[in-house]
Amino acid sequence: MDWAKVRADFPSLHSQNGRKAVIYFDNACQTLRPRQVIEAVIRYYQEFPACSGRSMHRMAAEVTREVDQAREKVAKFLNAGRKEEIIFTRNTTEGVNLLAASINWKPGDVILVTDKEHNSNLIPWQMVARRRGVILRVIRTRNDNTFNWDAFEQAFRDGPVKLVAMGYTSNLDGVTLPAADIIKHAHRQGALVFLDAAQTVPHQRVNVRALDVDFLAFSGHKMLGPSGTGVLYGKYRLLEQLEPFLVGGDTVSTSTFDSCQFLPPPEKFEAGLQDYAGIMGLAAAVQYLSQIGFDAIEKQERTLNEYLTNMLSEIPGLKIIGPADPRLRGGIISFYIEGIDHHRIALMLDQMANIAVRSGQHCVHSWFNSRGVAGSVRASVYFYNTLEEAQQFVDALNKIRKVL
Amino acid sequence: MFCVIAFIVLSILGIFSASNRQLAREALDCVLRRVTLRPCTTGFDEKMKAKILGYVITRSEAGARFLNKYFEPLSWVFFFLLVGSTFFAVRGFYLYYTTGSCNGLNQTGFCVFDPTGQNTQFSTVDESCPVTPGGSATVTLEGVDISGFPKISGANTEPIVFIGSYGCDYSRKAYPMLRRLVQKYGAELVFLYYPVKEHSDYLAKIGYCAYQQDQPKFWNLTDRLFTVEKAHLEDEAFIMNLLNEVGLNAQSVQFCAKSPQTEWVVKQQLAEVRKTNFYGTPTVFIRGKAFVGPKPYRVYAIALEGLLYWWK
């Protein structure tokens with residue numbers, strides 16, 4: 001793969017206004033966008049800025065066709081059974097909230113989560129537990145932050161589980177769950193499975209049919225797509241059973257003053273005017289990723305993470321969160337240095353070398369609070385990052401370690 | 001301590017930039033927490049320290065290490081420097097406001113508010129003149145008899161005394177301001193004419209005689225002499241015309257100016273002026289203070305009426 005050519009597609013990777021080019025290692029928060037995605041967004045506003053699925057004129061027909069094609073592209077990207085299983089949302093968080101609000105809960109139902117869920121896959125379930133009398137059970141991961149099978153199986157032995165809702169790949173440490181096995185086990189026990197795949201879909205091939213997952217959500221902005229875009233996948237028969245979340249325009253076929261007839265999925269979940277430009281941008285991102293190919297993406301991320309892990313391991317006092325083997329951590333390396341504030345490290349990296357990383361608790365406060373860790377610096381790479389950038393990051397970090 | 005310094009510096013920078021204004025707000029929050037003995041929870045000090053260290057580390061690792069180690073003591077040092085420089089800056093501004101110079105009354109050192117020294121310029125007397133230039137501290141009205149000099153009566157017990165010369169640019173600048181003070185506050189003004197250039201000596205006698213002849217018309221004459229082209233001051237024919245124009249009897253004034261008695265009186269008056277130890281014109285005495293050089297109007301007004309002169 002000619003990565004230099006790939007990098008040329010990303011305008012924000014190059015120096016602008018006389019500033020040194022950014023070394024962008026905050027891809028777990030959101031990725032940069034290639035020219036193709038930006039152009040797709042612009043194309044909507046320039047060529048057919050109209051409503052989809054409502055009006056009859058040519059511009060509207062064009063938008064309807066583009067949105068339909070985008071849905072088809074995303075469905076194909078995930079290997080979904082049919083395009084109607086794809087619901088466009090604003091982001092993963094909205095997908096989780098949609099699901100949490102739409103399932104027909106009964107008091108005493110059990111939801112299983114792990115102890116390192118992103119707040120987006122924790123707080124909505126906490127709210128369901130509070131409002132509907134549902135029980136939220138947390139499975140503690142092992143000491144190296146990998147999945148704890150014993151605890152998982154024990155949870156089922158403790159009583160029936162309605163839903164397993166887990167982060168497929170952790171934004172904290174990059175560890176990916178053995179999802180296929182988890183789903184198999186959960187299904188055997190009669191539980192539904194939802195996967196928060198925000199950190200998975202951008203980095204590895206996700207085949208929803210092979211996984212047999214019931215629901216899965218991800219965000220566009222973490223996979224080269226526009227911000228404000230996301231997807232909730234659901235098996236069609238299950239989506240049909242869900243109550244709609246947000247309701248209103250374009251969710252019903254007809255209404256009277258005291259009743260309405262909801263449209264079938266996905267329309268009944270897509271209330272109001274959608275972000276058509278974003279959806280088209282998301283389709284362009286899906287196409288771009290498909291062209292790059294996940295084999296190449298995974299290989300590049302693994303190379304970078306192995307290099308970073310080896311180099312960072314030599315820094316005294318530096319502790320990496322998660323398993324020691326970088327191959328288990330995807331493109332994420334989350335670490336802290338004893339006695340040094342993580343925000344200070346991040347700010348200094350930014351100031352001295354224009355290196356963008358994330359610092360803090362990465363919306364996984366519950367894990368940090370339970371482990372008594374104040375926070376960490378998270379470097380998350382993507383396929384457009386290079387070994388030279390990784391070297392500069394290591395050099396800068398070494399300098400900081402010497403000074404602080 | 002860093003928050004305090006940052007707050008002051010960022011507040012000043014915030015006047016010009018919105019991003020600094022936001023930082024100044026964060027610094028203020030930090031300061032308020034510190035003064036109420038609570039920890040600074042906004043992370044402001046940490047953020048700024050990291051930014052500074054990040055900048056320094058690219059230039060000198062040793063410097064960054066030193067800064068990191070002694071950040072708090074250095075903050076204190078800068079705090080005291082800031083307090084000291086703020087004190088001197090405020091003092092300088094106050095002095096400039098009240099005396100026209102950042103360095104104090106009649107001081108000629110550099111002043112940032114008056115970089116060209118406009119407020120402290122004056123015309124020195126000719127070398128032939130027996131006045132010895134000296135410091136403004138020795139300039140005084142003590143023991144000087146000003147009773148025979150032209151004056152405009154006013155309400156104030158202590159008159160404004162103006163030593164000036166028609167041919168001096170700086171006196172020409174100061175005179176209208178003094179007239180304005182007289183008009184606005186009803187101040188008493190005494191004018192001590194002193195010819196800093198020899199060729200205008202005769203105007204002392206003309207002035208004396210004009211005042212003897214008609215006081216209001218003398219002031220009209222003075223107003224004109226401070227505004228006409230300076231070259232005309234050497235032209236006796238022009239002066240004669242001017243006397244006539246203001247309604248004085250030119251011939252009578254000229255006759256008076258040539259009399260030995262006038263010469264004697266004027267000589268006595270100039271000797272009396274020299275007793276003030278003045279060393280340049282204009283020199284203005286207001287309430288015991290001597291202002292050498294043309295000051296802004298507010299400086300004279302403050303000396304006469306106090307800081308709230310504009311209120312009156």
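So you know, we letter chains A, B, ... as the sequences are listed, proteins then strands, and number each from 1.
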task: Calculate, to the nearest 0.5 Å, the distance between atoms NZ and CZ belonging to A:Lys402 and B:Arg65 respectively.
output: 7.5 Å

task: Flag yes if more than 12 heavy atoms outside B:Tyr297 fall under 6.0 Å of its OH atom; otherwise flag no.
output: yes

query: What option among B:Leu67, B:Val56, B:Leu53 has the most heavy-atom pairs under 4.5 Å with chain A?
result: B:Leu53

field: A:Arg371 atom CZ: more than 12 heavy-atom contacts under 6.0 Å
entry: yes

statement: Of all heavy-atom pairs linking B:Glu61 and A:Val403, the shortest is O-CG2, 3.7 Å

- prompt: Are more than 12 heavy atoms from other residues, nucleotides or ligands located less than 6.0 Å from atom CZ of B:Phe113?
  reply: yes

task: Decide if atom CZ of A:Arg130 counts as having more than 12 heavy atoms of other residues, nucleotides or ligands within a radius under 6.0 Å.
output: no

message: Please check if the number of heavy atoms outside A:Arg90 that lie under 6.0 Å from its CZ is greater than 12.
response: no

- request: Enter the distance from A:Gln351:CD to B:Ile52:CD1 here, rounded to the nearest 0.5 Å.
  value: 9.0 Å

Segment of B:Lys49 engaging chain A (4.5 angstrom heavy-atom cut-off): side chain

field: Smallest separation among heavy atoms of A:Asp341 and B:Glu46, with atom names
entry: OD2-CG, 3.8 Å

- line: To the nearest 0.5 Å, atom NZ of A:Lys399 lies from atom CD1 of B:Ile57 at 6.5 Å

- prompt: Looking at B:Ala50 and A:Arg344, what are the two nearest heavy atoms and their distance?
  reply: CB-CG, 3.5 Å

